[in-house]
Amino acid sequence: MRTAIGESPTEDVVIEYVSTGDYDEAVHLIDTYEIDLVLLDGESQPAGGLGIARQLRDEIDDVPTIAVVLARPADRWLGAWSRADATLMHPLDPIRTAETVVDLLRQRRAVQTAESSHGTGATGRGAA
């Protein structure tokens, strides 16, 4: 995923990566750091990224944006079930993957900016 996206896919988006191997560590990272986007492997074992995406949505109030990588186009319905914000197809196309990630991060930044300018009290997390 890192190779497909890179560290600076556009001039206004710089990405810092942190990695985890399981759900508990993912939650710890989300609680500890300013995580704006979670990229999950839908095929990972023992806990697949689809299940983790759904669990994050169910258990975390201010969940980061979530993208899941799927192996088969027929599994896009599972991406919807997991409540991921986006699905990407394996093998990852570097151009499409970077564009999707940049779009997701810009959307998150726009929502955070709108929430803070409307005085909702939402603190949000810093943009990547």
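Using a 4.5 Å heavy-atom cutoff, the side chains of L70 and L50 are in contact. Counting heavy atoms from C-beta outward, M1 and L88 have side chains that stay 4.5 Å or more apart. Between E99 and I95, the closest side-chain pair of non-hydrogen atoms falls below 4.5 Å. Residues I52 and V38 form no side-chain contact, since every pair of their non-hydrogen atoms from C-beta on lies 4.5 Å or further apart. Using a 4.5 Å heavy-atom cutoff, the side chains of H28 and T20 are not in contact. Between P64 and L37, every side-chain heavy-atom pair lies at or beyond the 4.5 Å cut-off.
Between D85 and R57, at least one side-chain N (NZ, or NE/NH1/NH2) sits under 4.0 Å from a carboxylate O, which counts as a salt bridge. Between R83 and D58, at least one side-chain N (NZ, or NE/NH1/NH2) sits under 4.0 Å from a carboxylate O, which counts as a salt bridge.
No more than 12 heavy atoms of other residues, nucleotides or ligands lie within 6.0 Å of CD in E7, so this atom counts as exposed by the packing criterion.
In terms of heavy-atom proximity, T87 sits nearest to R76 at OG1-NH1, 2.9 Å. Looking at every heavy atom in both residues, S82 comes nearest to V68 through OG-CG2, 4.3 Å.
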Audit row: D41, H90, side-chain contact (heavy atoms from CB on, under 4.5 Å) steps and yes/no: CA-CA 9 Å; D41 180 352; H90 185 76; over 6 Å; no

Verdict with reasoning, D36 to R109, per salt bridge (Lys or Arg N to Asp or Glu O under 4.0 Å): CA-CA 9 Å; D36 293 304; R109 184 182 298 159; over 6 Å; no

side-chain contact (heavy atoms from CB on, under 4.5 Å) between V102 and I5, intermediate numbers included: CA-CA 9 Å; V102 167; I5 300 164; over 6 Å; no

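The backbone N or O of L78 lies less than 3.5 Å from no partner atom in the side chain of D75, so there is not a single donor-acceptor pair.
L40 CG to Y23 OH: the interatomic distance, rounded to the nearest 0.5 Å, is 11.0 Å.
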